[in-house]
Amino acid sequence: MEPRTFLEHYRVITNEDGSREDLDRICAGNGCQAIDTRSNRPVILQRVAIADLDEAKRKEIEERVSAAEKLDHVNIAKTLASGVEDGYLVVVSENLEGEHAD
């Protein structure tokens, strides 16, 4: 099966056959690794099923994503794109190397 691409430019990196079950497993938790097909740079792609969100929670997430897209600081991963696709709210951010704060 063809690798899955979201928001036209972000291809999920998988070693699996790309089926929906595999994609759900790969993208669970903090997101999944993907490639920006225009620049060939690594990104992180996060998906949230819209069916799992009530209207208030969806609006809250969309407001937070909108605010994050305006931030530009060396210590913050840039939010590169967001949108709704196939029943999921999709957010793409740059993939920064380093340690995660717990």
Side-chain angles (χ1 to χ4, degrees):
M1 181 180 265
E2 190 84 16
R4 183 62 208 266
T5 301
F6 289 89
L7 304 178
E8 297 183 28
H9 305 289
Y10 304 100
R11 183 175 34 85
V12 173
I13 298 170
T14 73
N15 293 324
E16 308 293 334
D17 67 3
S19 68
R20 170 158 274 200
E21 293 77 23
D22 292 330
L23 191 59
D24 288 343
R25 181 181 52 78
I26 291 166
C27 291
N30 292 328
C32 55
Q33 294 184 352
I35 294 290
D36 182 334
T37 59
R38 298 166 296 183
S39 65
N40 209 34
R41 290 187 178 175
V43 297
I44 298 295
L45 187 139
Q46 297 173 307
R47 302 180 324 144
V48 177
I50 293 173
D52 294 344
L53 304 173
D54 62 33
E55 187 61 33
K57 189 63 172 175
R58 179 178 173 180
K59 184 174 181 176
E60 176 186 344
I61 291 171
E62 288 173 344
E63 288 172 354
R64 288 182 182 208
V65 169
S66 178
E69 288 174 331
K70 297 172 186 163
L71 297 175
D72 186 13
H73 190 276
V74 67
N75 292 331
I76 301 172
K78 291 181 180 119
T79 300
L80 303 172
S82 64
V84 174
E85 189 168 309
D86 294 335
Y88 287 89
L89 179 59
V90 179
V91 179
V92 180
S93 60
E94 64 182 335
N95 185 2
L96 300 177
E97 297 294 324
E99 297 181 20
H100 294 273
D102 289 331

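No hydrogens, no waters, no symmetry mates; every other heavy atom, side chains included, goes into these values.
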- Message: If you compare all heavy atoms of Thr37 against all heavy atoms of Arg11, which two are closest, and at what distance to 0.1 Å?
- Response: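 Taking every non-hydrogen atom into account, CG2-CB, 4.0 Å.
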
- Kindly give the heavy-atom pair with the smallest separation between Gly31 and Ile44, and that separation in Å.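 Answer, listing the atom of Gly31 first, then Ile44: CA-CG2, 4.4 Å.
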
Tell me whether [Y] is reachable from [X] by hopping between hydrophobic residues (I, L, V, M, F, W, Y) whose side-chain heavy atoms are closer than 4.5 Å.
X: Tyr88; Y: Val91; value: no
X: Phe6; Y: Val43; value: yes
X: Leu45; Y: Val65; value: no
X: Val12; Y: Val90; value: yes

- Message: Once rounded to the nearest 0.5 Å, what's the spacing between atom CG of Leu53 and atom CD1 of Ile61?
- Response: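 Output value for this atom pair is 4.5 Å.
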
Would you give me the side-chain donor-acceptor pairs under 3.5 Å for residues 73-84, sequence neighbours excluded?
residue, atom, partner, partner atom, Å
His73, ND1, Asn75, N, 2.9
Ser82, OG, Glu69, OE2, 3.0

- Residues two or more places apart in sequence or in another chain: which of them pass salt bridge (Lys or Arg N to Asp or Glu O under 4.0 Å) with Glu85?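 So Glu85 forms a salt bridge (Lys or Arg N to Asp or Glu O under 4.0 Å) with Arg4.
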
- List in chain and number order the residues that pass salt bridge (Lys or Arg N to Asp or Glu O under 4.0 Å) with Arg41, two or more places apart in sequence or in another chain; answer none if no residue qualifies.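 Not a single residue meets the salt bridge (Lys or Arg N to Asp or Glu O under 4.0 Å) criterion with Arg41.
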
- Task: Report the residues that fulfil side chain to side chain contact (heavy atoms under 4.5 Å, CB included) with Ser66, sequence neighbours left out, ordered by chain and then residue number.
- Result: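 With sequence neighbours excluded, Ser66 shows a side chain to side chain contact (heavy atoms under 4.5 Å, CB included) to Lys70, given in chain and number order.
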
- Qualifying side chain to side chain donor-acceptor pair (under 3.5 Å) pairs with a residue from residues 54-63, counting only residues at least two apart or across chains: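 Side chain to side chain donor-acceptor pair (under 3.5 Å) check on residues 54-63 returns Arg58-Glu62, Glu60-Arg64.
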
- Are side-chain heavy atoms of Tyr10 and Asp36 found at a separation under 4.5 Å?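 They are in side-chain contact.
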
